[in-house]
Amino acid sequence: MTNFISEIKRTHSCGALRATDAGQTVVLFGWVASRRDHGGAVFIDLRDREGLTQVVFEADVSTEVQALAHELRLEFVIGVRGVVKNRGGNVNPKLATGSVEVHATELCIFNRSEAVPFPIEDRVDTAEEKRLAYRYLDLRRAPLQQALITRSRMNTLTREVLSAQRFLELETPFLVKYTPGGARNFLVPARLNPGKFFALAESPQIFKQLFMVAGFDRYFQIVKCFRDEDLRLDRQPEFTQIDIEMSFVEQNDVFTVVEGLLSKLWKEILGVELPTPFQRMPYDESMRLYGNDKPDLRFGMPHHDLTALARSHEGGSVALFAETIAQKNGLLKAMVVPASANLSRADAEKLEELARSMGAKGLARAKIAEDGSWTQSPLAKTITPELRLAINAQVGAKAGDLLLLQMGPAAQVHTVMANLRVHLGKKLGLIPPHGSGGQWRFLWVVDPPLFEYDEEAQRFVAAHHAFTRPHDTDVQYLETDPERVKCWRYDCVLNGFEIGGGSIRLHDPAVQARVFKAMGISDEEAETKFGFLLQALRYGAPPHGGIAIGMDRLAMLLTGAESLRDVIPFPKTQKGSDLMTDAPGDVEERQLRELFVKSVAPPSTR
RNA sequence: GGGGUGUUAGUUAAGCUGGUUAUAACGCUGCCCUGUCACGGCAGAGGCCAGGGGUUCGAGUCCCCUACACCCCGCCA
């Protein structure tokens, strides 16, 4: 038997051969993706990351090769030498290499495979639980390979685009000091410092600012971040950001860099020309029309704020309205489902279920009749005709339309209505359940408030972080009307996903002190928590700002993947565990002692 | 912490108002087959119906609990 590997080298990938290669002797290496054994002739589809090629073992090859060929099974790893032949009229249109086949003269089985636990096919119908347990097999599937290959290209392109603009790729530590606020940190016991802990960096935020103070001017990094929070379809505990920070810039400069980068990615990877600059929308408008700060602009169905109208009608004799407008944060919002949607009563009841599952008390509905009256509605009898007509007019409801109403504390109304809107967008076919549908609606959400009121803590807290620069024109309200202060923070949104966010930083120590004061943070407290940054800012910090772009989400949207898990090689489950390695796992008592750590987990969980 | 969906051969599923031997397809094993590409033919193996408890003469099927996976709220930029 020929000595493959050491003497015979691969000449082509399994996706390379074309009709013009006919007559060549080639060597292919790969996995058996399918086999069709006719006794006299054996057909194999050989797979590597580039594609599939049909290999034929005919009766006229040596008896040893014949015998070996019959032994081939799915997922055997083999090497084949043979002659490329044109298949003439007998092409397989499903394969890129379908016009040719390799007539094997030599075969080497590098390794056999046990029967795999699930079929390695492009289309997925295996339970994700199984796929994750055998991730290395799942990763043999072409769609997953393509997704990761795309990610690799994204990395390369990002480095190219940013390096060409004088950005330096600099590294920051993962093991950092715990700082309060924001996402929950993973903690790492510090063996050399008994009783002390590192935090895994939730982002390089502070360090990249220090790069600016140090004078590096333009920084970027493709970097892992760690957040110990609950997972979602688009959230993993460890994820990758394209982290960027720039000196001597204002918001528009950051936008230009990001728009240039994303345009390049879309052009090179999808061949799509993105219109720039991206649309911009004030945060307030986004909340008013869509109930969240990451609106999907691929479809309409905006919300209507009826609070003021209800107030001017003193509740219109609807008890729930009156109750809502009496609350400090009470909000009454409506959404119109057009008559053309043809929602059945059962559909509407399911919507109410959905609303309840998100904490709503219910979902008031009203069907608009020809004369503008309401039917199928508990409110129909009590509401004053004046308010009813005024509402119809404000929302522009026509006969047959269904009005969905939500009232209560603003935050809850927003959550419910925002999710309902997206749900209906999918249900009514305005957007596909997954993927872009070929529409790329990029958006900058800008000018959010600097503070939000924390009901629990009874004070204002930073909506983003405490180092965001307020608008100069609003600085005067820091003491008198903090809620009115808008800031230079921005989110980049694509089709309802937040794909990036950042801010222009506050580099003026005097304003910084006033911001802390408005948040009820004493000088002392600020010094203990953020001392090193505050000190750095006192030694000549340039005006600076930046952004972090969620690489995984970008990859998910770019590849049309349904989940972040499909663009991360080794993702975690919803409970944050790894089904392949069974992490997190137990450790020995001795290891804990060494770290000066004691577990107080209930025995049942150990 | 809460709400929802699911768990039946290796895989994907069917299994009705509870009824005695739990089906099918693919995969797997053996034999046959020179033009397949969803190859075909014949024969065969393969099940703690997620786990535990209950109701019942009898449970894959009904009830409760638990575990795991997924989606969502809370949480998280």
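Here is how names work: the chains are called A, B, and so on, in the same order as the sequence lines, proteins then strands, and each is numbered from 1.
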Side-chain N,O (A:Thr573) to OP1/OP2 (B:A69) below 4.0 Å: yes

Nucleotide nearest A:Arg36 (side chain, heavy atoms from C-beta), chosen from B:C76, B:C39, B:G27: B:C39

Closest listed nucleotide, where the reference is the side chain of A:Asp491 and the choices are B:C70, B:A77, B:C37: B:A77

A:Leu579 CG to B:C70 P, straight-line distance once rounded to whole Å: 7 Å

A:His38 ring over B:U36 six-membered base ring, under 5.5 Å and 30°: no

Cationic N near anionic O, under 4.0 Å, A:Arg565 to A:Glu128: yes

Presence of A:Lys130 side-chain N/O under 4.0 Å of B:U11 phosphate oxygens OP1/OP2: yes

Short side-chain N/O contact to B:C76 OP1/OP2 from A:Arg553, under 4.0 Å: no

Heavy-atom donor-acceptor pair, A:Arg227 side-chain to B:C76 base, under 3.5 Å: no

A:Lys294 vs B:A77: side-chain N/O to OP1/OP2 distance below 4.0 Å: no

Parallel, tilted or perpendicular: rings of A:Phe278 and A:Phe442 (30°, 60°): parallel

Shortest side-chain distance from A:Glu101, nucleotide among B:C70, B:G35, B:U12: B:G35

Sugar-phosphate, base or nothing in reach of A:Ala127, heavy atoms under 4.0 Å: sugar-phosphate

Selected nucleotide, minimal atom distance to A:Gln574 side chain, candidates B:G74, B:A77, B:C71: B:C71

Touch class at under 4.0 angstrom, heavy-atom based, for A:His70 against every strand present: nothing

Earlier contact from the 5' end, RNA chain B, for A:Gln54 and A:Asp37: A:Gln54

A:Glu129 side-chain proximity, nearest of B:U11, B:U36, B:C68: B:C68

Greater than 12 external heavy atoms within 6.0 Å of A:Tyr134's OH: no

Distance test, side-chain N/O of A:Ser577 to OP1/OP2 of B:A69, below 4.0 Å: yes

Touch class at under 4.0 angstrom, heavy-atom based, for A:Glu202 against every strand present: sugar-phosphate

Aromatic ring of A:Phe43 stacked on base six-ring of B:U36, 5.5 Å, 30°: yes

Donor-acceptor contact present, side-chain A:Arg235 to main-chain A:Asp230, <3.5 Å: yes

Side-chain donor/acceptor contact of A:Asn419 with base of B:C72 under 3.5 Å: no

SB check A:Asp138 A:Arg135 (cutoff 4.0 Å): yes

B:U36 base / A:Arg87 side chain donor-acceptor hit below 3.5 Å: yes

Of the listed nucleotides B:U29, B:A77, B:C70, the one nearest the side chain of A:Arg73: B:U29

Ring center gap for A:Phe226 and A:Phe174 short of 6.0 angstrom: yes

Selection from B:A77, B:G35, B:G74 that lies nearest to any side-chain heavy atom of A:Asp230: B:G74

Closest listed nucleotide, where the reference is the side chain of A:Thr415 and the choices are B:C73, B:A38, B:C75: B:C73

Out of B:C37, B:C75, B:A77, whichever nucleotide has its closest atom nearest the side chain of A:Arg232: B:C75

Listed nucleotide nearest any side-chain atom of A:Leu132, set B:C73, B:C70, B:U36: B:C70

